Amino acid sequence: MRDKKVLFLVQAAAIAAIYVVLTVAFAPLSFGEVQVRFAEGLTVLPYFTPAAIPGLFAGCLIGNFFGGAIPVDILCGSLATLAGAVISRLLRKHKFLVPLPPIIANILVVPFVLFYGYGVNLPIPFLMLTVGIGEVLSCGVIGTILLLALERYRGTLFGTHGSLSA
């Protein structure tokens with residue numbers, strides 16, 4: 001039992017760290033009206049392990065903070081990532097649906113943060129389109145490529161039968 005808890009914490013921390021590094025390293029692309037946040041490709045990881053849920057949430061929270069986001073963005077953007085991760089985990093039996101919840105969650109939340117929080121003077125439906133395009137590229141394309149690449153190493157990276165990945 002203790003080994004499972006340690007594995008969970010290590011996986012969550014590693015996912016959070018990778019999310020932060022990708023967000024901050026590619027900060028010019030990670031923030032703004034048109035954003036392709038490469039770290040969002042990691043939102044497929046709940047397919048493999050429940051540890052991805054707190055890992056993605058913490059990574060987004062910390063990445064937004066160090067990326068210079070305003071408090072409402074740090075909180076709301078991270079909660080959108082959390083909601084997407086939880087629903088992705090629930091859809092894990094339908095592999096190709098796993099990238100959809102983070103895409104939808106961010107399309108529904110981030111445009112309002114941009115409009116009301118940052119004062120971006122563009123119509124919310126247009127912001128939904130621009131955020132959606134970035135999310136489809138990061139979660140849909142990059143995330144699906146990552147999911148398919150990691151699937152062959154599932155047992156090695158995320159445990160075997162009866163472990164956290166079940």
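Just so you know, these numbers come straight off a predicted model, no measurement behind them. Just so it is clear, the values below take in all heavy atoms, side chains as well, and ignore hydrogens, waters and symmetry mates.
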Smallest separation among heavy atoms of [X] and [Y], with atom names:
X    : Y    : value
A39  : T23  : CB-OG1, 3.4 Å
T81  : Y19  : OG1-OH, 4.2 Å
V109 : C76  : CG1-O, 3.7 Å
V110 : V131 : CG1-CG2, 3.8 Å
P102 : T43  : CG-OG1, 3.3 Å
P99  : G140 : CB-CA, 4.2 Å

Do the non-hydrogen side-chain atoms of [X] and [Y] ever get within less than 4.5 Å of each other?
X   : Y   : value
P46 : L56 : yes
I53 : L82 : yes
L7  : D3  : no

In Å, rounded to the nearest 0.5 Å, how long is the span from [atom1] of [X] to [atom2] of [Y]?
X    : Y    : atom1 : atom2 : result
L45  : L146 : CG    : CG    : 5.5 Å
S88  : I104 : OG    : CD1   : 9.5 Å
L97  : I87  : CG    : CD1   : 12.0 Å
L114 : M128 : CG    : CE    : 11.0 Å
I124 : Y116 : CD1   : OH    : 4.5 Å
N106 : C60  : CG    : SG    : 7.5 Å

Completion exercise
Residues passing the ring pair (Phe, Tyr, Trp, His ring centres under 6.0 Å) test with F66, sequence neighbours excluded, are none
Same apolar cluster: [X] and [Y], side chain cutoff 4.5 Å:
X    : Y    : value
V24  : I18  : no
L122 : V72  : yes
L42  : L147 : yes
V21  : L61  : no
V44  : V36  : yes

Practice task
Might you work through the side chain to side chain contact (heavy atoms under 4.5 Å, CB included) test for F96 and L148, ending with a clear yes or no?
Solution key: CA-CA 10 Å; F96 292 105; L148 295 173; 4.1 Å; yes
Practice task
Count the heavy atoms of every other residue, nucleotide or ligand shown that sit under 6.0 Å from CZ of F65, and state whether that count exceeds 12.
Solution key: no
Problem - Expected output: side-chain Y118 to main-chain I70 donor-acceptor under 3.5 Å - result: yes
Practice task
Give a yes or no on whether the backbone of V86 and the side-chain of R89 come within a donor-acceptor separation of less than 3.5 Å.
Solution key: no
Handout entry: Residues which pass side chain to side chain contact (heavy atoms under 4.5 Å, CB included) with A83, listed by chain and number, not counting sequence neighbours
Key = none
Problem - Quiz item: cation-pi between R37 and F31, 6.0 Å / 45° - result: yes
Exercise for the section: Give the intermediate values and the outcome of side chain to side chain contact (heavy atoms under 4.5 Å, CB included) for residues E40 and L137. Expected result: CA-CA 9 Å; E40 284 289 298; L137 289 172; over 6 Å; no
